[in-house]
Amino acid sequence: MISYVKRCFTEARSYIRNFCIVAHIDHGKSTLADRFLELTGTKVDKAQVLDKLAVERERGITVRAQTATMNYEYKGHQYLLNLIDTPGHVDFSYEVSRSLRACQGAILLVDATAGIQAQTFSTFYQAFEANLEIIPGVNKIDHPSAVPELVVEQLKTHFDLHNPFMVSAKTGQGVKELIEAVIEKVPPPPGNTDGRLRCFLFDSWYDWLNGVICAIEIVDGRLQKGDRIRSINNGKTYQVHEIGFMRLELEPRNSLESGQVGYVVLNMKETSEALIGDTFCMVDDKDIVPFEGFKKSKCMVFSGVFPIDQEECEDLNKALMKYNLEDRSLVIQKDQSAALGNGFRCGFLGLLHMDIFKERLDREHKISVIMTPPSVPYKAILKDGTEILIEKCNEMPDKFKIKTFLEPMVSITIVIPNEYLGDVMSFCLQHRSKQDEIVNIDTKHVLLRYSLPLSEIIVDFYDCLKSITKGMATMDYEHKDYREADLGKLVAMINSDPIDALTFLVHRSQAYDKAKILVEKLKENIPGQQFDISIQASFDGKVIASQKIRPFRKDVLAKLYGGDQTRKNKLLDKQKRGKKKMKMIGNVEVDPATFQNILRN
Ligand SMILES: Nc1nc2c(ncn2[C@@H]2O[C@H](COP(=O)(O)OP(=O)(O)OP(=O)(O)O)[C@@H](O)[C@H]2O)c(=O)[nH]1
């Protein structure tokens with residue numbers, strides 16, 4: 001009996017395929033996923049799906065349209081195809097590697113009008129390192145400017161991938177052949193159906209209706225509704241309230257078994273409990289071996305977030321807490337600044353993560369904030385040998401205690417048309433970079449690889465690169481180790497009083513230029529007062545740039561010739577209210593909006 005059951009389960013697993021689509025941005029990943037959903041009958045009515053997404057968005061639910069289970073009949077057998085969503089960006093690279101762990105195959109999609117781009121390389125290597133069966137696909141072959149033959153050559157030369165599938169995710173051409181290739185080429189998931197339960201958490205999100213939802217793969221054993229399971233990471237036990245497949249809707253079932261991918265709703269209070277990469281086992285199973293490589297993601301970019309109007313601080317707090325429920329990788333701490341008042345210090349996984357945050361905060365929460373320029377986590381080795389992490393340079397130890405600084409490095413990959421090579425190379429040189437590689441992708445495009453400090457790319461590097469290349473450059477980056485750097489503290493001061501919001505750790509070679517720009521901007525933005533104002537910037541305690549603002553008396557009554565006392569009182573009252581918002585720095589009243597102007601550019 002046991003061997004019969006075992007055979008049935010083993011057979012069931014051989015009809016499962018877990019795969020993902022990886023591609024450079026805009027190369028057609030979502031459109032292809034849509035075609036797969038249509039072809040397999042998972043998505044019946046287009047309008048209905050769009051409606052559903054709109055409603056979901058309104059209710060603030062994270063939309064996870066791309067992780068979906070589909071049924072497909074092929075050569076007389078019903079297959080269960082699990083298309084696993086991968087974030088596809090370096091900021092989420094830890095999450096990507098975890099979600100790739102749930103797949104055995106990947107479709108590498110390349111746009112026939114653009115050819116392979118920076119992110120094609122990084123996603124290829126991620127899939128390759130995860131040991132996935134890689135199926136190449138050339139998309140957009142219907143497009144008038146498609147050059148598929150060129151992409152075929154590029155795939156052969158750079159990735160040793162031959163005979164890619166020619167598809168148009170728009171018209172559906174070649175899509176059936178591609179999905180059947182997934183069945184033919186991707187191996188079924190490994191695992192042991194009658195073994196002890198081991199399930200792997202590869203994604204999670206917050207749904208305002210059901211709370212925390214976990215996307216899981218049952219690697220060994222079987223999990224059913226009502227089971228009590230334990231997280232190996234946090235040791236907490238949970239009851240399975242709901243379990244099922246992720247189609248376009250969540251589709252509850254009684255159980256999931258080895259090889260299957262689906263969702264579970266546990267009694268988790270916060271998304272932070274659902275750690276990607278975690279292993280779950282039955283509650284009383286003591287010596288289960290967890291899946292390896294579990295670690296928390298790290299914040300690589302930090303920024304202070306302050307409400308423009310201090311009265312909105314509580315609203316901002318609420319908005320951030322709500323945001324954090326949906327996005328557990330955002331790290332939030334209360335912060336205070338003499339210049340900007342009460343606010344928060346936020347940690348992000350990277351640049352894209354920070355951009356998404358800014359956009360959503362503005363769009364969904366409608367709170368106007370000042371964000372301080374992004375900074376990176378530096379390290380300092382002290383003279384007594386201890387190593388400390390510096391996430392905020394105001395909290396830096398005394399400079400005499402520091403032996404050396406270390407800064408985080410990245411490796412960037414840039415793909416550009418040949419004609420921009422000279423300009424891009426000199427632009428990169430201005431950013432303390434070292435060229436590691438230069439490769440011709442084909443006769444018209446070149447790939448450049450540089451090592452440089454993360455701090456060099458976090459402000460406007462990509463925007464400048466785009467403008468130098470008239471929008472043609474694509475870029476991707478990968479975090480590397482820390483490297484020793486000659487850094488020091490740059491502090492802007494008004495009448496010798498340091499401004500905490502304008503204090504940065506900078507490289508010695510850039511200190512003079514940055515100091516000069518800073519004092520000039522302060523001069524432009526601070527209104528004259530009735531006394532002399534001295535604006536200075538110091539580096540490592542030595543003043544290296546200064547400006548003066550001449551005295552000036554602002555008389556709010558100047559425009560009133562005699563006349564009505566109530567009108568005069570009104571103006572004086574208004575001035576008083578305005579003054580309340582002002583911050584006193586070095587005896588000078590500064591409106592926080594001034595810092596917004598300075599920090600913005
Ligand atoms: N002509 C043509 N256009 C396509 C095809 N596939 C996708 N597109 C278009 O290309 C654009 C990007 O497609 P998406 O499917 O959003 O690309 P994506 O890779 O999911 O993009 P991101 O989610 O931003 O990474 C859209 O305007 C699509 O309509 C195709 O086969 N032919």
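In this text, all values refer to a predicted model and were calculated from it rather than measured experimentally. Both ligands and their constituent atoms are indexed starting at 1 by order of listing.
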For the student: nearest non-hydrogen atoms of Phe302 and Gly347, plus distance: CD2-CA, 3.6 Å

Distance from atom 14 (P) of ligand 1 to nearest protein heavy atom, with residue and atom: Thr31 OG1, 3.5 Å

Shortest protein heavy-atom distance from atom 5 (C) of ligand 1, along with the residue and atom involved: Lys140 CG, 3.5 Å

Distance flag, aromatic centroids of Phe121 and Phe159, threshold under 6.0 Å: yes

Centroid separation Phe200 to Phe291 less than 6.0 Å: yes

Atom indices of ligand 1, in the order listed, that fall short of 4.0 Å to a heavy atom of His143: 1 (N)

Selection from Gly28, Ser30, Ala33, Ser168 by shortest heavy-atom distance to atom 23 (O) of ligand 1: Ser30

Nearest-neighbour protein heavy atom for atom 6 (N) of ligand 1, which is reported as residue plus atom name and distance: Asn139 ND2, 3.3 Å

Plane angle bin for Tyr125 and Phe128 - parallel if under 30°, tilted between 30 and 60°, otherwise perpendicular: perpendicular

Minimum-distance protein heavy atom relative to atom 21 (O) of ligand 1: Asp26 N, 3.1 Å

Ring center gap for Tyr323 and Phe357 short of 6.0 angstrom: yes

Atom 31 (O) of ligand 1: the protein heavy-atom neighbour that sits closest, reported with distance to 0.1 Å: Ala169 N, 2.9 Å

Met472 atom CE: more than 12 heavy-atom contacts under 6.0 Å: no

Atom 26 (C) of ligand 1 touched by protein heavy atom at under 4.0 Å: no

Where ligand 1 meets Ile25 - atom numbers and elements under 4.0 angstrom, heavy-atom basis: 24 (O), 25 (O)

Residue pair Thr413, Asp476: steps toward the side-chain hydrogen bond (donor to acceptor under 3.5 Å, both in side chains) verdict: CA-CA 5 Å; Thr413 304; Asp476 206 356; over 6 Å; no

Among Tyr72, Tyr79, Tyr74, ring pair (Phe, Tyr, Trp, His ring centres under 6.0 Å) partner for Tyr15: Tyr79

Distance from atom 18 (P) of ligand 1 to nearest protein heavy atom, with residue and atom: Lys29 N, 3.4 Å

Ligand 1-proximal atoms of Asp142, by part, heavy-atom distance under 4.0 Å: side chain

